[in-house]
Amino acid sequence: MYRLLLAMVILSLAACATGPVPVSSPYFRIPDGSKLVLKQELTIPPNAGRVYIQYGKVVTPKEKDDWHAHCWFLSWDVLERTQVIKPDTFIITHSQQLEDVAMRETSWQFAASQIGIGMTEGGGPMALVYSTEMRIHSDRQPAIRRFVCSHWEDPLDAKHLTVAQMQKALGKIADIQLNAGN
């Protein structure tokens, strides 16, 4: 029910929109044909399929702060050995914005927000996960097919990351270069 309500609100707001969405907006979609330029080598640990970047540096899953902008390169291969992603230019073939619900494990609970939306389920309050997922391609590194930037938000104040927030999370490790032709 909550997802249906959220979808209806988003569609209603989209219907009211006029003209192109500015790049500074959290609802700007990265155009197909944009580029993701990786400037330094990254290492995916053994038995993992991704490497996380936050605050301009590589972080482990335990170091990552879900409440702040973080990004990751995703390999289709999960290997028992380390994988290396070489500096490269990846073409963004498609991007989409996604929303999901995360349940936090806590020792406390609260039953509802002031507007009556249930905030607990499965032992902890909810958070909305706002992600921008990009399909990426490089002929030299075909196993690296996804790049995602994400963060958790309070359901009452949820927004997608802007391109500037994604770029800040990446620091000097990578650049998102927008396709001006779209």
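Quick caveat: nothing in here was measured; it's all calculated off a predicted structure.
Smallest separation of non-hydrogen atoms from T89 and S138: O-CB, 4.2 Å. Shortest non-hydrogen contact noted between A69 and L161 is CB-CD2, 3.7 Å. The shortest heavy-atom contact between I85 and Q141 is CA-OE1, 3.3 Å. When all heavy atoms are compared, the tightest approach of P142 to D139 is CD-O, 3.6 Å.
V148 and Y27 fall into different hydrophobic clusters, where Ile, Leu, Val, Met, Phe, Trp and Tyr side chains are chained together by heavy-atom contacts under 4.5 Å. At a threshold of 4.5 Å between side-chain heavy atoms, the hydrophobic network of Ile, Leu, Val, Met, Phe, Trp and Tyr places L38 and L170 in one connected group. Placement of W67 and V129 within a single hydrophobic cluster is found when ILVMFWY residues are connected by side-chain heavy-atom separations under 4.5 Å, directly or transitively. Y52 and V78 sit in two unconnected hydrophobic clusters of ILVMFWY residues. Membership requires side-chain heavy atoms under 4.5 Å apart, directly or through other members. Residues I144 and V58 share a single hydrophobic cluster, defined by chaining ILVMFWY side chains whose heavy atoms lie under 4.5 Å apart.
In this structure, the side chains of L42 and I53 come closer than 4.5 Å at one or more pairs of heavy atoms. Between K35 and I92 the shortest side-chain heavy-atom distance does not fall below 4.5 Å. The shortest distance between side-chain heavy atoms of L98 and Y130 does not fall below 4.5 Å. Counting only heavy atoms from C-beta outward, the side chains of E80 and N47 approach each other to under 4.5 Å. Put simply, the side chain of P87 reaches to within 4.5 Å of the side chain of E41, judged on heavy atoms. Side-chain contact between V59 and H70 is absent, with no heavy-atom pair separated by less than 4.5 Å. At least one side-chain heavy atom of T132 sits less than 4.5 Å from a side-chain heavy atom of M166. Looking only at side-chain heavy atoms (C-beta outward), R146 and M134 stay at 4.5 Å or farther from each other.
The pair R29-D32 meets the salt-bridge criterion, since a charged nitrogen lies less than 4.0 angstrom from a carboxylate oxygen.
The CD1 atom of I44 sits 8.5 Å away from the CG atom of L79 when rounded to the nearest 0.5 Å. Considering CZ of R50 and CZ of F147, their distance stands at 12.5 Å, rounded to 0.5 Å. One finds the CZ atom of R135 at 15.0 Å from the CD1 atom of I91 (value rounded to the nearest 0.5 Å). Rounding to the nearest 0.5 Å places CZ of F90 at 12.0 Å from CZ of R145.
Evaluation of the disulfide bond (SG atoms under 2.5 Å apart) test over residues 57-98, restricted to residues two or more places apart or in two chains, returns C71-C149. Residues in residues 159-172 take part in these side chain to side chain donor-acceptor pair (under 3.5 Å) pairs, two or more places apart or across chains: E99-H160, D157-K159, T162-Q165, Q167-D175.
Within a 6.0 Å sphere centred on NZ of K39, heavy atoms belonging to other residues, nucleotides or ligands number more than 12.
In this view, V163 and V23, F28, I30 satisfy the side chain to side chain contact (heavy atoms under 4.5 Å, CB included) rule, not counting sequence neighbours.
In this structure, Q83 contributes its side chain and G49 its backbone to no donor-acceptor pair below 3.5 Å.
Relative orientation of the H68 and Y55 rings is tilted, given thresholds of 30° and 60° on the angle between their planes.
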